[in-house]
Q: 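There's a structure below that I have some questions on.
The chain is numbered in sequence order, starting from 1.
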Amino acid sequence: VNIPKSNEPIATVHPGECIGEISLLHEVDHTATVSATSELEVAAMPRRDLMRLIRRRPDIGMVIYRNLPAGLCDKLHRINDRAARILLEK
């Protein structure tokens with residue numbers, strides 16, 4: 001999955017990673033549009049369903065709230081590395 005900005009991919013989401021976690025965590029509109037570069041399977045969970053699940057199963061909520069920020073950090077590191085490489089090329 002590529003995350004385009006002005007027709008140029010700015011990031012790649014790898015198999016098993018999440019997208020839309022910012023809007024899940026902060027109850028805001030999506031901050032990116034993604035497009036698949038190959039066939040894939042997805043699972044979607046609206047925020048209201050996530051909140052219902054967490055109320056029923058706080059143990060699952062703990063895992064989700066630990067893993068979503070960790071995934072965001074991984075993506076941020078990759079984007080920072082890419083930005084640094086681009087700046088060094090200039």
Q: Should Arg52 and Asp49 count as an ion pair when the cut-off is N to O under 4.0 Å?
A: yes

Q: How does the hydrophobic cluster around Leu24 look, that is, which other residues are in it when side-chain heavy atoms under 4.5 Å mark a link?
A: Ile22, Leu25, Val28, Met45, Leu50, Met51, Leu53, Ile54, Ile60, Ile64, Tyr65, Leu68, Leu72

Q: Tell me, please, which residues at least two apart from Asp59 pass side-chain hydrogen bond (donor to acceptor under 3.5 Å, both in side chains).
A: Arg57

Q: Measuring from atom CZ of Arg82 to atom CG of Leu87, what distance do you get when rounded to the nearest 0.5 angstrom?
A: 11.5 Å

Q: How many angstroms lie between atom SG of Cys73 and atom CG of Asn80, to the nearest 0.5 angstrom?
A: 10.5 Å

Q: CG/Asp81 to CD1/Ile86 distance, rounded to the nearest 0.5 angstrom?
A: 11.0 Å

Q: Between His30 and Gly20, which heavy-atom pair has the shortest distance, and what is it?
A: ND1-CA, 4.1 Å

Q: Of all heavy-atom pairs between Leu40 and Ser38, which one has the smallest distance, and what is that distance?
A: CD2-O, 3.1 Å

Q: Please name the pair of heavy atoms, one in Arg47 and one in His26, separated by the smallest distance, quoted to 0.1 Å.
A: NH1-N, 4.5 Å

